[in-house]
Amino acid sequence: MLDIQLLRTDLKSIVGHLAKRGFALDIKRFNDMETQRKSIQTNTQELQATRNHISREIGQLRANGNNKNNKKIEELLHQTQKNLSCLKESERTLGELQNELQQFLEEIPNLPHNSVPNGLDGISNQEIRRWSKGEKGPRIFDFIAKDHVSIGENLGLLDFETAAKLSGARFTFMRGGLARLHRALSQFMLDIHTQEHGYIETYVPYLVNAESLHGTGQLPKFEEDLFKISRKKNGNKNDTATQISQDRINQKSSLPLQEGDWYLIPTSEVPLTNFVRNKIVTIKSLPIRLTAHTPCFRAESGSYGKDTRGMIRQHQFDKVELVQIVHPEKSYEALEQLVGHAENILKKLELPYRVMILCAGDMGFSAAKTYDIEVWLPSQNTYREISSCSNCEAFQARRMQARFRNPGGKPELLHTINGSGLAVGRALVAVLENYQNADGSVSIPEALRPYMNMINRLNI
RNA sequence: GGAGAGAUGGCCGAGUGGUCGAAGGCGCUCCCCUGCUAAGGGAGUAUAGGCUCAAAAAGUCUAUCGAGGGUUCGAAUCCCUCUCUCUCCGCCA
């Protein structure tokens, strides 16, 4: 969420920044809402002040306990009648308006950082650097490289048919050495991040509430991408709408969301980042570096027909996530660092990759700057995304009210950074394809052998 | 799932309808006292928002005592709903 003060004081420049990412802010609507809000809020507060005055006066008269006062009290009571009905109406209108404004704000994406290239889609993303073991680039095959589906199925270890029977399309069933390799990858990643990169290993819930998803920006705008678990409790909630508007009057961060339901996490960024929701942390505790290995669940309703073959795009996949909660002045430094941590995994696995900076229009909703890391897939003769690392600046922190106390003792918003380190399923795909041999076997990368009972290949 | 107890500021804890944003204590900050330290004395110490203001500072108003709703001229206090924590019972990995 953007700082509403910024919209109030510098709307023009914000509109310009948002246009860079293809978001058209409705200026007229915002200004209209603001003008209305201002007058109604002032009015409401004046009426409240009057009410409080009269009440206090009555209180004083009562305390003095003098009979003469009864008349005066009655007068005051009479006087307050009209005031109160105006107030009620005014509060209601203000609530509705705050509600509308809040909703408007919540659906505005983050502002792209100055270093982010212009462009509205992936074509404008720019390559920053490229890495492969040795100078020659990705391995050149002296046979026709198969894709991971053929490799896995030929090994008899990858079974989409069973997965489809159990669940449907876009699920994976693995067994034997392949399942083990999958586990090895995540164990390996966790070990590197905790032992070499200073992250705290974390175990988190896979079901989270709507507030958490709101904090990181998935809700309210992207509900269709999520799997929702309903907990049929007490049937229908009563007047949710009234509750919300009341909340809005109080100017608290509030949610147009149903309480009670759970969502499967689309990434452990959600539980990890929400760790600091509604918290004021000490400056000494920064940076907070958290990592977790979790399954991730995505409905991906928008992408049917894309990557239908294999395990590139699944409803369920594992990911080792990196999250940093940092001082605002350190966040860009931390982003570079975090990208390096993710890259380090690929280096140790000796998988060729490149780092891309996403253009403004290709970034996610909450991001101010994003690097994608793409791993080489020989079967597709191209690089494919295996990690996405973003600095969200204060965008998520503002939604979450995640703060630290500055040296002056005042609470200030933190910055949040997240990135995959890495997507385990896609890492598995990359290993299978890059380490495949002519005879259909797959060599195990050196770094993973300690996790594989020291075997050096998966054989047919 | 059943029965009960509870939720107040950074922390502890008082407060059952009236001037309470909230006693007292601890902690923290500043000042005084003091060879040093300890002890002692004094002052300050929530968050968000509106308005005034060119801006800052400041002032002023509003809201906030787990969350939401209700009763009332007035709610931390009374009523309803929900969430969470604790204790006991049941069930379970």
Side-chain angles (χ1 to χ4, degrees), chain A residues 1 3-10 33-66 69-88 90-95 97-99 101-102 105 205 208-212 214 231-262 277-285 397-413:
Chain A
M1 196 163 63
D3 185 357
I4 190 162
Q5 300 297 355
L6 217 62
L7 273 102
R8 285 178 185 145
T9 55
D10 201 9
M33 282 193 289
E34 266 294 286
T35 321
Q36 266 192 73
R37 191 219 92 237
K38 213 183 255 190
S39 88
I40 293 174
Q41 184 163 352
T42 310
N43 186 247
T44 307
Q45 293 189 345
E46 272 167 13
L47 292 169
Q48 283 169 330
T50 308
R51 178 201 61 194
N52 291 348
H53 267 297
I54 293 176
S55 294
R56 222 164 284 160
E57 220 171 309
I58 293 173
Q60 273 166 15
L61 291 170
R62 280 267 159 84
N64 293 343
N66 193 324
N69 289 341
N70 287 346
K71 222 175 215 160
K72 260 190 185 163
I73 291 174
E74 236 161 82
E75 251 168 61
L76 287 170
L77 284 177
H78 184 72
Q79 200 183 323
T80 199
Q81 291 298 330
K82 193 179 164 202
N83 180 59
L84 277 176
S85 64
C86 292
L87 176 59
K88 208 171 177 185
S90 189
E91 278 181 339
R92 200 186 55 79
T93 318
L94 180 61
L97 203 58
Q98 301 267 32
N99 198 352
L101 238 149
Q102 182 74 13
L105 269 177
V208 295
N209 56 33
E211 252 178 287
S212 296
H214 175 265
R231 286 194 279 178
K232 295 172 217 120
K233 279 181 97 178
N234 307 349
N236 292 338
K237 283 283 157 113
N238 35 23
D239 44 359
T240 321
T242 358
Q243 289 183 18
I244 289 157
S245 51
Q246 187 58 42
D247 213 17
R248 292 262 149 82
I249 292 169
N250 302 339
Q251 294 139 359
K252 272 181 267 167
S253 79
S254 58
L255 306 170
L257 308 164
Q258 237 174 302
E259 282 296 314
D261 285 331
W262 278 324
R277 172 151 58 86
N278 292 332
K279 260 202 212 198
I280 302 178
V281 302
T282 62
I283 204 162
K284 275 178 285 180
S285 64
R398 189 169 295 110
R399 289 171 161 250
M400 292 190 297
Q401 285 302 298
R403 296 172 292 176
F404 69 99
R405 239 171 245 289
N406 68 21
K410 291 286 155 214
E412 222 178 292
L413 293 171

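Chain identifiers are assigned alphabetically (A, B, ...) following the order of the sequence lines, protein sequences preceding nucleic acid strands; residue numbering begins at 1 within each chain. The structure presented is a predicted model; accordingly, all values stated were derived computationally and were not measured.
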Length of the [atom1]-[atom2] vector between [X] and [N], whole Å:
X: A/Gln48; N: B/U60; atom1: CD; atom2: P; value: 18 Å
X: A/Asn209; N: B/C84; atom1: CG; atom2: C1'; value: 12 Å
X: A/Leu76; N: B/U72; atom1: CG; atom2: P; value: 18 Å
X: A/Leu94; N: B/C61; atom1: CG; atom2: P; value: 19 Å
X: A/Asn278; N: B/A48; atom1: CG; atom2: C1'; value: 13 Å
X: A/Glu91; N: B/U64; atom1: CD; atom2: C1'; value: 14 Å
X: A/Gln36; N: B/G50; atom1: CD; atom2: P; value: 17 Å
X: A/Asn83; N: B/U62; atom1: CG; atom2: P; value: 12 Å

| Which residues pass the side chain to side chain contact (heavy atoms under 4.5 Å, CB included) test with A/Thr93, sequence neighbours left out? | A/Ile40, A/Glu89
| Listed by chain and number, what are the side chain to side chain contact (heavy atoms under 4.5 Å, CB included) partners of A/Gln81, not counting sequence neighbours? | none
| query | For the side chain of A/Gln60 and the base of B/U19, is some donor closer than 3.5 Å to an acceptor across the two? | reply | yes
| task | Name the nucleic acid region contacted by A/Gln5, choosing base, sugar-phosphate or nothing; use a 4.0 angstrom heavy-atom cut-off, strictly under. | result | sugar-phosphate
| field | Sugar-phosphate only, base, or nothing, as touched by A/Lys410 at under 4.0 Å among non-hydrogen atoms | value | sugar-phosphate
Work out which heavy atom in [X] is nearest to a heavy atom in [Y]; give both atom names and the distance.
X: A/Thr44; Y: A/Leu87; value: O-CD1, 3.7 Å
X: A/His214; Y: A/Arg399; value: O-NH1, 2.8 Å
X: A/Ala397; Y: A/Leu413; value: O-CD2, 3.7 Å
X: A/Pro205; Y: A/Val208; value: O-CG1, 4.2 Å

| query | What pairs with A/Arg277 under salt bridge (Lys or Arg N to Asp or Glu O under 4.0 Å), at least two apart in sequence or on another chain? | reply | A/Glu211
Got a sec, which pairs hit salt bridge (charged side-chain N to carboxylate O under 4.0 Å, His left out) with one end in [range], sequence neighbours left out?
range: residues 73-85 of chain A; answer: none
range: residues 48-57 of chain A; answer: none
range: residues 36-45 of chain A; answer: A/Glu34-A/Arg37

Once side chain to side chain donor-acceptor pair (under 3.5 Å) is applied, do any residues pair with [X], and if so which ones, sequence neighbours excluded?
X: A/Asn52; answer: none
X: A/Asp3; answer: none
X: A/Asn43; answer: A/Ser90

[N] and [M]: how far apart are their [atom1] atoms, nearest whole angstrom?
N: B/G17; M: B/A76; atom1: C1'; result: 11 Å
N: B/G4; M: B/U62; atom1: C1'; result: 39 Å
N: B/A22; M: B/C33; atom1: C1'; result: 33 Å
N: B/U60; M: B/C65; atom1: C1'; result: 24 Å
N: B/G27; M: B/C80; atom1: P; result: 41 Å
N: B/A23; M: B/U37; atom1: C1'; result: 33 Å
N: B/G10; M: B/G68; atom1: C1'; result: 27 Å
N: B/C79; M: B/A7; atom1: P; result: 14 Å

| query | How do A/Arg8 and A/Thr50 order along RNA chain B: which one's closest nucleotide is nearer the 5' end? | reply | A/Arg8
| query | Between A/Glu57 and A/Arg405, which is nearer to the 5' end of RNA chain B once each is assigned its nearest nucleotide? | reply | A/Glu57
| Based on Watson-Crick and G-U pairs with both distances under 3.5 Å, what dot-bracket line describes RNA chain B 5' to 3', crossing pairs as [ ] and inter-strand pairs as |? | ((((((((.[[[..)..(.....]]]((((((.......))))))(((((((.....))))))).[[[[[..)....]]]]])))))))....
Are there any protein N/O atoms within less than 3.5 Å of an N/O atom in nucleotides 51-58 of chain B, and if so, which ones and at what distance?
none

Polar atoms only, N or O, under 3.5 Å: list the protein pairs with nucleotides 73-79 of chain B and their distances.
from, atom 1, to, atom 2, distance (Å)
B/C73, O2', A/Ser55, OG, 3.1
B/C73, N4, A/Arg62, NH1, 3.3
B/G74, O4', A/Ser55, OG, 2.9

